[in-house]
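Worth knowing before you read on, the calculation uses all heavy atoms, side chains too, and leaves out hydrogens, waters and symmetry mates. Counting from 1, the numbers follow the sequence of the chain as shown.
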Amino acid sequence: MKAASTANLFMVNNEKKARRLPAGAIFFVFLLFVFLFFRGSIKIAQGLGDDPTANVAGYAWSSNFGWISMNCSNNNSCAANDGFDYGVNINTASDGNQFNLDGHAWSPNAGWISFTHDTNDPPDYKFNTSCKSGYSCTSGTNCTACYNPDDGNLYGWAKVVALGDDGWISLGTTSVALPYRVSIDRASASGTFSGFAWNGSTVPTEGLGWISFNCNNPPVSNQCGTSSYAVYLKGHHMPAPTNLWPSYPFITACSMKLALGVSLQWNNGGISPTYYNVIVSSSTSTSSPPAFNSGVRVGPVNSFTYAANIYNQHYYWWVKIWDDFGFASAWRQFDITKGDSLTDNVAANGGNPLTFTTYQHEMPIASFTYLPLEPLAYNSVTTTDASEYFASAPPVDNPYTAKNCNPSNCSWFWSGTNLLSNSTPNSSSTVMVFNYGDASMRLRVTDNEGYACTSTVDFFSDLLPVWKEKQAQ
C-alpha cells in the first residue's frame with residue numbers, strides 16, 4: 001500500500017479541517033510561527049533513522065492535527081545537509097538495539113515527533129517486557145519504543161517534541177476498556193502498518209488525539225476515499241528462498257562415512273533470516289506426517305544437514321524462512337522445474353523433479369598398505385589393496401557389515417604425484433617408483449553401483465644414503 005499523493009493529502013487535509021477544534025487551530029498557528037521563525041536554525045539530532053535511508057515510510061493521520069510524515073522521501077523533501085532529512089527506523093542491526101525504534105517523523109501542524117529517547121523518560125517502561133525476548137528498550141539503550149517480530153506489534157512511546165511531557169504518544173495498550181495497538185501486517189509484502197496510537201495531552205484540544213496508521217484500520221475499513229494512506233516498511237519485500245539444492249557428493253559421504261547425510265541448501269534471496277524451518281517427507285504434501293521436521297530454528301543460515309534413515313529412498317523437502325521483521329515466506333518446495341538443481345545420485349532419482357534419492361548403501365572404504373614403509377626415490381614401492389565394500393543396505397536398526405573388496409565387487413585405480421612408473425594401475429596391487437622430493441600415492445576404489453572413494457598417503461621420497469669408507473686412524 002502506497003502513501004497518498006501530495007494533491008490528495010492537501011484535499012483530504014482541507015476536507016477534515018472542519019473537524020479540528022479552535023484551540024487546536026490556535027496551537028497550529030503558534031507552531032507554524034515557531035517553525036518559520038526558527039527554520040534556519042532547527043536541526044534534529046542526526047542519529048540513526050534521521051535520514052531517508054530509515055526503513056519506515058508513508059503517512060499517518062492525526063484526528064486533531066492532520067498528516068504525519070514518517071520519512072522525508074514520502075514527498076521528495078530530503079536534501080543532504082540541510083538539517084531536515086528525517087525518518088523513523090526500526091533497528092535491524094544485530095546488536096543490543098535490534099528491533100528498537102529511533103528517528104523522527106514530521107507533522108506540518110505539530111512539528112517533530114521523536115521515536116528516540118531524549119532527556120526525559122516516557123510515562124513508564126512497563127512495555128519493555130513485551131519487547132522481543134533478549135532485547136531491551138530503556139533509557140540506557142536510548143529507546144522509547146520497540147517492535148516485536150514474534151507478534152508483529154509495536155510497544156512503547158513516541159513524543160511530540162513541542163508538547164514536552166504532554167507530547168507522549170502511546171503506541172498501544174492492553175486495557176480491556178479501550179484496547180488499541182499499532183501493528184505490522186506480516187502477511188503483506190509491503191509490511192503495511194495498521195492500528196491506532198493515542199496522544200491526549202493535559203489539554204485535550206492541543207493533543208494529537210487518535211493517530212491512525214492505515215485508512216483501512218479495522219473494524220472500520222474502506223475509508224480511504226481519495227487518499228489511500230498507510231505507514232509501511234520502505235522497500236520491504238516478502239522473504240523467499242530460491243535455488244534449492246540437496247548436496248551429498250561422494251567426497252562427503254566417504255569422509256564422513258555417512259551416505260545418508262544430506263546437506264539441504266538454499267538461497268535466502270538477499271536477506272539475513274532470523275529463523276528457518278525445514279521439512280523432509282516421503283510424501284509430496286507438507287500435510288502428511290513428515291520423515292523429519294526441524295521446527296522453527298534460530299539462525300541466519302542457508303543450509304541444514306539431514307541424516308536420513310532409509311537407503312535408496314525418494315524424499316521431498318521444503319524450506320521456510322523469516323526475516324528480521326518476523327515476515328515468513330511461503331513454504332518453498334524443492335522443484336527442478338523452478339530453477340532448483342540436483343547434482344548427486346541423479347540416475348537413482350528416476351527423473352522426478354521434486355525429489356532427491358539417498359544412496360543404496362554406504363560408500364566403499366578405500367584403504368591400502370605399502371612396503372617399504374619409508375619409500376625411497378628411484379626404488380620400488382609395492383602397494384596392496386585393503387579396501388572394503390557394502391553389498392546392500394542393512395536394516396535400519398542393525399549396524400551394516402563391510403566386506404573385503406574382490407575383483408567381482410570392486411575395481412581399483414592407482415595414481416600418485418612425482419611418479420616415475422606405475423606397473424598395474426587397475427589391479428588390486430601395483431608397484432610404483434617415485435622421483436626425489438614430495439610425493440603421494442593414491443587409491444580410488446569403486447564398487448558395483450559406481451560409488452567411489454579415495455585414500456591418499458603423502459610422503460617425502462628421499463635418496464639412499466651415500467656410504468663412504470673411512471679409514472681407521
Q. For Tyr180, which of Trp210, Phe196, Trp198 qualifies under ring pair (Phe, Tyr, Trp, His ring centres under 6.0 Å)?
A. Trp210
Q: Go through Leu233 and Phe193 one step at a time and tell me if the side-chain contact (heavy atoms from CB on, under 4.5 Å) criterion holds.
A: CA-CA 8 Å; Leu233 291 173; Phe193 287 55; 4.1 Å; yes
Q | Leu354 vs Gln333, side-chain contact (heavy atoms from CB on, under 4.5 Å): CA-CA, chis, key distance, verdict | A | CA-CA 8 Å; Leu354 303 178; Gln333 183 176 14; 4.1 Å; yes
Q: With side-chain contact (heavy atoms from CB on, under 4.5 Å) as the test, would you mind laying out the steps for Tyr59 and Ile68 before giving the verdict?
A: CA-CA 6 Å; Tyr59 292 88; Ile68 298 171; over 6 Å; no
Within the side chain of [X], is there an N or O that forms a donor-acceptor pair under 3.5 Å with the backbone of [Y]?
{"X": "Asn214", "Y": "Gly195", "result": "no"}
{"X": "Asn312", "Y": "Gln360", "result": "no"}
{"X": "Asp344", "Y": "Tyr248", "result": "yes"}
{"X": "Asn71", "Y": "Ala54", "result": "yes"}
{"X": "Glu362", "Y": "Ala259", "result": "yes"}
{"X": "Thr446", "Y": "Tyr451", "result": "no"}
{"X": "Ser440", "Y": "Val457", "result": "no"}
{"X": "Ser62", "Y": "Leu208", "result": "yes"}
{"X": "Asn89", "Y": "Asn55", "result": "yes"}
{"X": "Asn100", "Y": "Cys146", "result": "no"}

Q: List the steps, then state whether side-chain hydrogen bond (donor to acceptor under 3.5 Å, both in side chains) holds for Ser69 with Asn74.
A: CA-CA 7 Å; Ser69 171; Asn74 290 336; 2.9 Å; yes
Q: Please report the C-alpha distance between Tyr86 and Trp112 in whole Å, then the side-chain angles of each, then the deciding distance to 0.1 Å, and finally whether the side-chain contact (heavy atoms from CB on, under 4.5 Å) criterion is met.
A: CA-CA 9 Å; Tyr86 64 90; Trp112 296 117; 3.8 Å; yes
Give a yes or no on whether the ring-centroid distance for [X] and [Y] is below 6.0 angstrom.
{"X": "Phe99", "Y": "Tyr135", "answer": "yes"}
{"X": "Tyr359", "Y": "Tyr311", "answer": "no"}
{"X": "Phe356", "Y": "His314", "answer": "no"}
{"X": "Phe325", "Y": "His236", "answer": "yes"}

Less than 4.5 Å apart, any side-chain heavy atom of [X] and any of [Y]?
{"X": "Asp323", "Y": "Pro273", "value": "no"}
{"X": "Cys254", "Y": "Ile251", "value": "no"}
{"X": "Leu244", "Y": "Trp318", "value": "no"}
{"X": "Asp324", "Y": "Pro149", "value": "no"}
{"X": "Asp458", "Y": "Asp438", "value": "no"}
{"X": "Asn153", "Y": "Asn148", "value": "no"}
{"X": "Ser194", "Y": "Phe213", "value": "no"}
{"X": "His117", "Y": "Thr141", "value": "no"}

Q | Heavy-atom neighbours of Arg186 CZ exceed 12 at 6.0 Å | A | yes
For [X] and [Y], which heavy atoms make the closest approach, and how far apart are they?
{"X": "Ser212", "Y": "Cys215", "value": "OG-N, 4.4 Å"}
{"X": "Ser73", "Y": "Lys234", "value": "OG-NZ, 3.4 Å"}
{"X": "Ile90", "Y": "Ile184", "value": "CD1-CD1, 3.9 Å"}
{"X": "Gly167", "Y": "Asn199", "value": "C-ND2, 3.5 Å"}
{"X": "Phe327", "Y": "Ser188", "value": "CE2-O, 3.1 Å"}
{"X": "Thr116", "Y": "Asn142", "value": "CG2-ND2, 3.3 Å"}

Q: Give the ring-plane orientation class for Tyr306 versus Phe292, where under 30° counts as parallel, over 60° as perpendicular and anything between as tilted.
A: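 If you compare the ring of Tyr306 with that of Phe292, the planes turn out tilted.
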Q. Taking the six-membered ring for Trp, are Trp266 and Tyr276 parallel (under 30°), tilted (30 to 60°) or perpendicular (over 60°)?
A.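 Tilted, since the angle between the ring planes falls between 30° and 60°.
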Determine whether the side chains of [X] and [Y] contain a donor N or O and an acceptor N or O closer than 3.5 Å.
{"X": "Asp151", "Y": "Tyr155", "value": "yes"}
{"X": "Ser281", "Y": "Ser283", "value": "no"}
{"X": "Tyr125", "Y": "Ser139", "value": "no"}
{"X": "Ser190", "Y": "Thr192", "value": "yes"}

Rounded to the nearest 0.5 Å, what's the gap from [atom1] on [X] to [atom2] on [Y]? Could you check?
{"X": "Ile279", "Y": "Trp317", "atom1": "CD1", "atom2": "CH2", "result": "12.0 Å"}
{"X": "Ile321", "Y": "Tyr275", "atom1": "CD1", "atom2": "OH", "result": "14.0 Å"}
{"X": "Asn277", "Y": "Phe304", "atom1": "CG", "atom2": "CZ", "result": "9.5 Å"}
{"X": "Trp61", "Y": "Ser107", "atom1": "CH2", "atom2": "OG", "result": "9.5 Å"}
{"X": "Gln265", "Y": "Thr305", "atom1": "CD", "atom2": "OG1", "result": "8.0 Å"}
{"X": "Ile169", "Y": "Leu163", "atom1": "CD1", "atom2": "CG", "result": "8.5 Å"}

Q: Apply ring pair (Phe, Tyr, Trp, His ring centres under 6.0 Å) to Phe115 and Trp157, showing your working.
A: CA-CA 7 Å; Phe115 287 78; Trp157 307 81; over 10 Å; no
Q. side-chain hydrogen bond (donor to acceptor under 3.5 Å, both in side chains) between Ser247 and Ser263: does it pass, once the steps are laid out?
A. CA-CA 5 Å; Ser247 178; Ser263 178; 5.6 Å; no
**Q.** Candidate pair Asn345 and Thr357, rule side-chain hydrogen bond (donor to acceptor under 3.5 Å, both in side chains), full reasoning
**A.** CA-CA 7 Å; Asn345 208 25; Thr357 302; 5.5 Å; no
Q: Please assess Arg442 against Thr456 for the test side-chain hydrogen bond (donor to acceptor under 3.5 Å, both in side chains), listing each intermediate value before the final yes or no.
A: CA-CA 4 Å; Arg442 181 180 302 112; Thr456 302; 3.3 Å; yes
Q) If you measure SG to SG, does Cys131 sit under 2.5 Å from Cys137? A) no
